[in-house]
Structure formats: C-alpha cells, structure tokens
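This report refers to the structure that appears directly beneath it.
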Amino acid sequence: MRATELFFPPLREEPSEAETISHRLLFRAGMIRKTAGGIYTYLPLGYRVIKKIINIVREEMDRAGGQEVGLPIVQPAELWMQSGRWLVYGDEMFRLKDRHQRDFCLGPTHEEVITDIVNHEVHSYRNLPLLLYQIQNKYRDEIRPRFGLMRGREFIMKDLYSFDVDEDGLELSYRKMYEAYCRVFDRLGLDYRVVEADSGAIGGNVSHEFIVLADTGESTVVFCDTCQYAANVEKAESVPEPRGDREEASPVQKVHTPGQRTIQDLCAFLGLPQHRQVKTLVYVADGRPVVALVRGDREVNEIKLKNHLGANQVEMAGESVVRELTGAGFGSLGPVGLNLQVYADREVALMSNLVCGANEDDYHYINVNPGRDFQPAAYIDLRNAQEGDLCPVCREGRLKQTRGIETGHIFKLGTKYSEKMDATFLDEKGKERPMVMGCYGIGISRTMAAAIEQNYDEDGIIWPIAIAPFQVIIIPVNVKNREQMQVAESLYSEMQKAGLEVIMDDRDERAGVKFKDADLIGIPIRITIGPKSLQAGQVEVKKRWEKDFEMVEIDQALAKVRAIISAAAVQA
Ligand code: ATP
Ligand code: MG
C-alpha cells in the first residue's frame with residue numbers, strides 16, 4: 001500500500017468526550033470515526049487491525065475444534081421468552097417490531113438462538129460434543145457507552161458455545177477453550193491475567209475472565225503473591241481478619257456529632273480509626289429494602305449482596321427513601337434498633353465497641369457490640385477483597401491488586417438453557433438428557449482498544465507486531481530525489497514479494513511529518529531512506545518501541561525486518 005492511495009482522513013481535533021488513550025489515539029490515527037454514541041465506523045487502517053485480531057481468534061477456535069457458523073443478528077422474542085430472559089434482560093436490549101407488530105431484538109448474545117438450532121438439529125450423543133462459534137456484531141444499549149471501542153453499543157464479539165453430554169465433557173470443552181484463549185492472547189502479544197469471575201446474568205457457576213493489564217482498565221483484579229489464585233474483585237472471596245484485640249463490651253453511649261457526615265469526618269471528630277466504625281448502607285433489592293454492613297475501612301460488594309439475595313437488581317436507596325425507612329440521612333445510619341433486614345459482612349462479627357449512626361441526624365452510638373446491640377439476618381461475605389488481604393485459597397500469601405480490561409470471558413452454563421429450551425439428546429441407553437453447555441466470548445473491538453491502552457507512548461500507538469495494520473513502513477525522506485525513490489521502490493516490492501505487510505510513505509511531505517504520522521499510527525518497523533545513509537549504501541531501521549535506529553546494508557534490510565518480526569511475535 002502506498003500512503004498516497006490510502007484512505008487516511010486528515011487529522012482533526014480530538015472529540016471532547018475522548019477520555020481514554022485508546023479512544024483519542026484511534027481517532028487521531030484515523031482508524032475509527034463515531035457514527036452515533038457507542039457506534040463506530042472502522043476506517044481502512046483500523047479495520048486491518050480488527051481483521052488481524054479476528055484471524056488469530058478464528059485460527060485458535062478452529063484449532064480447538066470449533067466450527068464457525070453465521071447466526072442472525074435479528075432475533076425473535078419467542079426464543080427469549082422460552083429462556084425466560086425477554087423480561088429480565090432489561091434496557092440493555094435493543095428491541096424492535098416488524099410490520100406485523102411482532103417483537104424482535106438485536107442480538108446482545110446468542111445463547112437462545114444457538115440452543116434453539118442445536119435443539120432442532122442434534123438428537124443423539126453421537127453428535128456431541130459440539131463447539132459452534134461466530135464472529136459478529138453484538139448490540140447492547142449500554143447505560144454509559146464510553147471510552148470509544150471499550151464499551152460500545154454495537155461491538156464485535158467472537159462467541160462460542162459448547163454442547164456436551166455431561167459435566168465431564170463440559171470440563172473438557174471448558175479447558176480446551178481456556179487454553180485456546182491463552183494462545184489467542186499470547187499471539188496477540190498482550191500482557192494479560194486469567195482470573196476467576198462472577199458469572200452475572202448469563203448464569204452458570206464457573207467462569208473466568210481474561211484481563212488485559214492496563215492502569216486505565218475498568219476491572220480490578222486481585223492475585224495472591226504466593227499461590228496461583230487470581231480473581232476479579234467482584235468475585236474474590238474476602239477473608240475476615242480482626243483488627244486489634246477484642247475489647248470487653250462497654251455500655252452503649254449516644255454522642256452528639258453535629259455535621260459529621262462522612263466516615264473520615266467522624267473519625268477525626270471522635271478520634272477513632274476507621275476500622276472501629278461500621279458502614280451502614282441501604283439498598284433496594286427487587287423493590288425490597290435491605291441493609292448492608294461492612295467495617296468502616298471496607299467497601300460493600302454489591303454483586304455479593306445481589307448473589308446472596310438471588311435478586312435481579314440491587315440499587316443504592318436514595319436519601320429520601322433512606323430517611324423514610326430509618327428516620328435519618330446518609331451520615332447517621334446504623335443497625336441498632338433498625339427494623340429492616342440487615343446483612344453484615346463476616347468481619348463485623350469480629351468487631352467490639354464499634355461506632356455507628358444512631359438513625360437520628362447528627363447522633364452516633366459508641367460501644368456498640370454485634371449480638372448484644374443488634375442481630376443481623378446473616379453474616380456473609382459482603383465486602384470487596386483488597387490489597388493486603390489474606391489469600392482465600394492458600395491462606396498464607398497476601399493479595400495484590402491491579403487494574404485491567406476484561407477482553408474475554410468464559411462460562412460453564414450447565415443445563416440452564418438446555419432445560420428451559422428443551423435441548424436434549426438420547427444417550428447410549430436411549431435415555432433423554434439435557435445437553436450441558438458452556439459459552440465463551442472475546443470482545444474483538446474491545447481487544448483492539450485494550451492493546452492500545454497497554455502499548456502507547458507520547459507519540460502514539462505501539463502496536464504489537466501481530467496486530468499492527470502494517471508491519472513495516474518505508475519512508476523516503478525526499479520523494480523528489482531519484483536515488484532515494486529507487487531504493488525505496490525496490491525495497492517496497494522486495495518486501496511485498498516476501499509476503500510482508502508494508503506501506504510506503506510516498507507523500508511529498510517533510511520527513512518530520514512522515515515520522516510523526518508513522519509513530520502515531522504505530523507501525524512497528526520503520527525503514528528510512530535518506531541522503532546520508534544512502535552514501536554508505538545503507539538504510540535506517542527503527543523499531544517503534546525503541547528510541548534509536550540501526551544502520552543496515554540495503555541488501556540486508558529484508559533479513560533484518562524478518563528477524564525483528566520473528567523475535568517479537570509468538571508463532572501460530
Ligand atoms: P462488561 O462487564 O464489561 O459489561 P460483560 O460481562 O457484559 O462485560 P460478556 O457478556 O461476557 O461481557 O461479553 C463477552 C466479551 O464481550 C467481554 O469480555 C468484552 O470483551 C466484550 N464486551 C462486552 N460488552 C461490550 C461492550 N459494550 N463493548 C465492547 N465490548 C464488549
Ligand atoms: Mg456488560
């Protein structure tokens with residue numbers, strides 16, 4: 001490809017809503033354009049990256065025994081009614097009606113469609129296991145589409161579904177996918193971690209996320225400094241640990257605490273540390289108020305609360321609701337005398353002479369003791385695990401915390417969908433049994449953004465070689481110089497013949513402009529042909545991720561480029 005022929009839009013001002021590096025750089029490098037909120041057009045450079053990610057994913061899915069299918073984007077409501085998800089999926093689903101007023105949706109995911117197909121077409125254990133996948137647009141009307149490709153309303157996903165005769169079969173399929181995912185992310189050249197995850201609305205009980213590490217990521221993961229344990233904080237079990245010695249219970253006292261609304265304020269006011277306080281939060285779970293208690297220096301984990309209650313939706317209650325229920329505002333809540341269902345984190349049971357709100361504005365109790373002064377409905381694991389916690393698995397190591405981007409997610413679904421949708425088969429004995437399912441997603445477009453969040457500098461993107469739009473860029477410093485152009489043209493055709501993906505910047509621009517653009521777009525290897533190097537029969541070869549260039553004999557340039565590529569990329 002020649003730069004003069006490339007559809008590369010002129011640089012424009014960055015969109016003001018671009019909050020993340022990847023969003024800004026994808027825009028500036030002319031790779032994407034916004035068509036509507038959370039809906040993007042991929043321009044040629046950007047689409048080359050997408051196709052490369054897709055190719056790697058496709059190769060690994062095929063290698064693991066997956067068979068590619070094309071499922072419809074427009075899905076009839078009936079299928080979602082069968083699975084029971086039409087009503088519970090909520091506002092994230094794009095719904096539409098046809099001319100006969102029949103309900104449809106744009107597929108946010110494809111468990112229903114695929115289970116229906118398999119239900120109709122597969123009837124015997126002889127046809128199982130089956131691993132079917134597709135790579136296609138998904139539609140989710142996210143509350144907050146943001147960060148460009150990271151959280152879109154239309155995005156590209158690879159989704160694979162496994163169908164097995166029993167749990168052992170599922171275990172095998174799951175492991176195959178786990179390994180295939182590791183190969184995918186190794187080949188993409190990304191630094192990632194596999195973590196235990198919550199299975200959320202999709203269902204099932206075992207699930208892992210593939211997290212591309214980046215400070216800008218929305219996911220927080222914890223991992224043990226001693227054993228292999230790693231989990232999303234949404235899921236990570238917290239181990240209760242006492243802070244300080246248990247004290248002899250003292251009599252409760254009510255104290256006047258005017259204007260002390262936050263835990264920090266109150267700590268300073270009473271001269272007590274945060275871990276002596278209890279945080280009291282009111283939630284509404286499927287319309288019913290519940291109260292959550294955690295130690296003052298901890299955070300409530302709403303997903304754990306939701307899972308414990310088996311609720312569809314859990315939301316923080318607004319202040320007016322809280323006042324109506326408790327008689328006080330946010331800053332003065334506490335469990336004593338509260339006539340609501342209270343769930344306390346297990347750590348709260350280890351506290352003594354604690355501080356909490358008195359359910360009366362500007363008053364708190366001190367010397368409150370669990371069991372004596374209030375009795376929760378249950379002590380459960382209700383808090384976020386955090387840096388420094390004891391590891392819940394080896395019970396020796398301590399947890400470390402890091403941030404990242406969830407780019408892949410695998411689930412064991414079991415028989416949740418096959419039972420509801422009647423996807424059964426006849427086993428060897430002629431007995432009818434539900435198929436045992438798994439599902440496995442990779443966000444293709446999100447992975448593109450994640451690759452940038454992990455690989456950039458002040459000049460632009462630094463693509464891992466495996467997914468760069470071009471591997472090599474050839475820059476003749478002056479296109480009007482015949483000798484430079486001759487060398488540039490001959491290297492260009494030599495590299496093309498060798499099967500490399502090469503772009504030549506044949507624009508009549510200053511060298512500085514061309515270097516800037518090459519850096520911004522993130523082409524991994526740059527070959528510069530200038531007057532000085534030519535005198536010595538050489539060209540400059542520079543890696544995007546290194547500062548200095550090397551001088552290489554013209555006839556060694558191809559071998560040099562090949563060596564850089566094979567050193568950098570994990571082979572297929
Ligand atoms: P999240 O928690 O980020 O909303 P999810 O749990 O809803 O993700 P899955 O349903 O497991 O995501 O989808 C599989 C993969 O699809 C995710 O791992 C992610 O890479 C990608 N993905 C999900 N939602 C989006 C989105 N709105 N935009 C881009 N990619 C997405
Ligand atoms: Mg989601």
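First listed ligand is number 1; within each ligand, the first listed atom is number 1.
- Heavy atoms of Arg140 found under 4.0 angstrom from ligand 1 belong exclusively to the side chain.
- Ring pair Tyr440/Tyr174 is tilted by interplanar angle, where 30° to 60° counts as tilted.
- Each of the atoms 26 (C), 27 (N), 28 (N), 29 (C) of ligand 1 lies under 4.0 Å from some heavy atom of Gly152.
- Taking the ring centre of Phe223 as origin, the terminal cationic atom of Lys400 falls outside the region bounded by 6.0 Å and 45° from the ring axis.
- Every ring-ring contact (aromatic ring centres under 6.0 Å, His included) that Tyr178 has, sequence neighbours left out, goes to His208, Phe210.
- Using a 4.0 Å cut-off to heavy atoms of Arg151, the atoms of ligand 1 that qualify are 1 (P), 3 (O), 4 (O), 26 (C), 27 (N), 28 (N).
- Thr115 and Met437 get closest at one heavy-atom pair: OG1-CE, 3.3 Å.
- The part of Glu142 lying near ligand 1 is the side chain, judged by heavy-atom distances below 4.0 Å.
- For ligand 1 and Gly408, the ligand atoms under 4.0 Å from any heavy atom of the residue are 18 (O).
- For the residue pair Leu293 and Val348, the shortest heavy atom distance occurs at O-CG2, 3.8 Å.
- Between the choices Glu406, Arg446, His409, the shortest heavy-atom distance to atom 18 (O) of ligand 1 belongs to Glu406.
- The distance criterion of under 3.5 Å between nitrogen or oxygen atoms is not met by Phe155 with respect to ligand 1.
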> Step by step, would you call Glu218 with Arg151 a salt bridge (charged side-chain N to carboxylate O under 4.0 Å, His left out)?
Replying inline: CA-CA 10 Å; Glu218 286 185 286; Arg151 186 169 293 285; 3.4 Å; yes
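- Taking 4.0 Å as the cut-off, Met150 counts as a neighbour of ligand 1 on heavy-atom distance.
- Cation-pi geometry between Arg33 and Phe27 is met: the NZ or CZ atom falls under 6.0 Å from the ring centre, inside 45° of the normal.
- Classified by interplanar angle (parallel below 30°, tilted 30° to 60°, perpendicular above 60°), the ring pair Phe94/Tyr139 is perpendicular.
- The closest approach between a heavy atom of Ser445 and any atom of ligand 1 is not below 4.0 Å.
- In this structure, Thr407 is part of the shell of residues with a heavy atom less than 4.0 angstrom from ligand 1.
- With a 4.0 Å heavy-atom cut-off, ligand 1 is reached by the backbone of Leu149 but not by any atom from C-beta on.
- Every heavy atom of Asp159 sits 4.0 Å or more from the atoms of ligand 1.
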